[in-house]
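The first residue in the sequence is number 1, and the count goes up from there. Values below: all heavy atoms of this structure, side chains included; hydrogens, waters and symmetry mates excluded. Keep in mind the model is a prediction, meaning the values are calculated, not measured.
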Amino acid sequence: MDLVVLAGLPGVGKLTVGRALADVTGYRLFHNHLTVDLALSLFEFGSPPFVELREEIWLASIERAFGAELEGVVFTLAFDRTVRDRFVDQIQKIGLLSGGTVRFVELTCRQDELESRLVQPSRAEFGKLRSVEQLFALHQMGAFEGPRLPPDRLQVDTTGRSAEEVAGQIVTELSMSTMNGG
């Protein structure tokens, strides 16, 4: 199985690009906010039980996907200091032990575009961060420092680009197969 981890700040386009990448490759999409929302229904964000439950679900889901020998999974991961550094190592280990691949793609975009994306109504669907002021405050507090991604990650700027265009770049640069044989 091929696991592609799309990581980045809130608003860079992880879910939108993830959907486009899943569409073109036929991979499954594992949107991290589904797990976040589940853990939030029980525990306060960032609390030890929240962090542990979220990570357990992420790891168990990824391990099961590798075990089921799915062709591939696109996993979205927001930078957040509550994501422990060891999480990146753990998913790499799962992939290695399963004979699969784990590849990291860091999505970025210019600050002005990030700010315009944050206020989009579509972000309300999963209770995502929608306040530029809150983003700035969280950034000042160091909330987006982590996890550390491998140095060989692919970095892609989504500024002014469609999700399909970004997905196409990821497919090309990672030499991925597409549903139409590309």
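By the side chain to side chain contact (heavy atoms under 4.5 Å, CB included) test, Q155 is found to be paired with E106, R153, residues two or more places apart in sequence or in another chain being considered. Every residue was checked against the side chain to side chain contact (heavy atoms under 4.5 Å, CB included) condition with D23, not counting sequence neighbours, and none meets it. Partners of E165 by salt bridge (charged side-chain N to carboxylate O under 4.0 Å, His left out), not counting sequence neighbours, listed by chain and number: R161. The side-chain hydrogen bond (donor to acceptor under 3.5 Å, both in side chains) search around E164 returns none, not counting sequence neighbours. Residues meeting the side chain to side chain contact (heavy atoms under 4.5 Å, CB included) test with E56, sequence neighbours left out: E52. Taking the ring-ring contact (aromatic ring centres under 6.0 Å, His included) definition, one finds that F50 meets it with F45, sequence neighbours left out. By the ring-ring contact (aromatic ring centres under 6.0 Å, His included) test, F75 pairs with F30, W58, sequence neighbours left out. Residues meeting the side chain to side chain contact (heavy atoms under 4.5 Å, CB included) test with A22, sequence neighbours left out: L29. Listed by chain and number, the residues in a salt bridge (charged side-chain N to carboxylate O under 4.0 Å, His left out) with R64 amount to none (sequence neighbours excluded). Here R28 pairs with nothing under the side-chain hydrogen bond (donor to acceptor under 3.5 Å, both in side chains) rule; sequence neighbours left out. Not counting sequence neighbours, the partners of E55 by the salt bridge (charged side-chain N to carboxylate O under 4.0 Å, His left out) test are R84, R86.
To the nearest 0.5 Å, atom CD1 of residue I170 and atom OG of residue S175 are 13.0 Å apart. Atoms CG and CG, on L107 and L15 in that order, are 11.0 Å from each other to the nearest 0.5 Å. Atom CG of D80 and atom CG of N32 lie 9.0 Å apart (nearest 0.5 Å). Atom OG1 of T108 is separated from atom CG of D157 by 4.0 Å, given to the nearest 0.5 angstrom. We find the CD-CE distance between E71 and M176 to be 8.5 Å, quoted to the nearest 0.5 Å. Going from atom CD of Q111 over to atom CG of L9 covers 8.5 Å, rounded to the nearest 0.5 Å.
The two residues C109 and G11 come nearest to each other via the heavy atoms SG-O, 4.4 Å. Heavy atoms only, all atoms of each residue included: V74 and L6 are closest at CG1-CD1, 3.7 Å. Between I91 and I62, the closest heavy-atom pair is CG2-CD1, 3.5 Å. Between D85 and R148, the closest heavy-atom pair is OD2-NH1, 2.5 Å.
Side-chain contact between L38 and L40 is absent, with no heavy-atom pair separated by less than 4.5 Å. Looking only at side-chain heavy atoms (C-beta outward), D152 and F104 stay at 4.5 Å or farther from each other. When side chains are defined from C-beta on, R54 counts as touching V83, because their heavy atoms get closer than 4.5 Å. Contact of the V4 side chain with the V73 side chain is not registered, since no non-hydrogen atoms from C-beta on lie closer than 4.5 Å.
The stretch residues 87-104 participates, sequence neighbours left out, in these side chain to side chain donor-acceptor pair (under 3.5 Å) pairs: D2-T101, D2-R103.
Side-chain atoms of T82 never come within 3.5 Å of backbone atoms of V51 as a donor-acceptor pair (strictly under, hydrogens ignored). Panel note: side chain S47, backbone E44; a donor-acceptor pair is recorded below 3.5 Å.
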Requested in this report: Apply side-chain contact (heavy atoms from CB on, under 4.5 Å) to V5 and V105, showing your working.
Outcome: CA-CA 6 Å; V5 180; V105 178; over 6 Å; no

Report task. Evaluate the side-chain contact (heavy atoms from CB on, under 4.5 Å) criterion for residues L3 and Y27: first the C-alpha distance (whole Å), next the side-chain angles of each, then the deciding distance (0.1 Å), finally the verdict. Result -> CA-CA 9 Å; L3 176 65; Y27 287 15; over 6 Å; no

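With hydrophobic clusters built from ILVMFWY side chains whose heavy atoms lie under 4.5 angstrom apart, L42 shares a cluster with I57.
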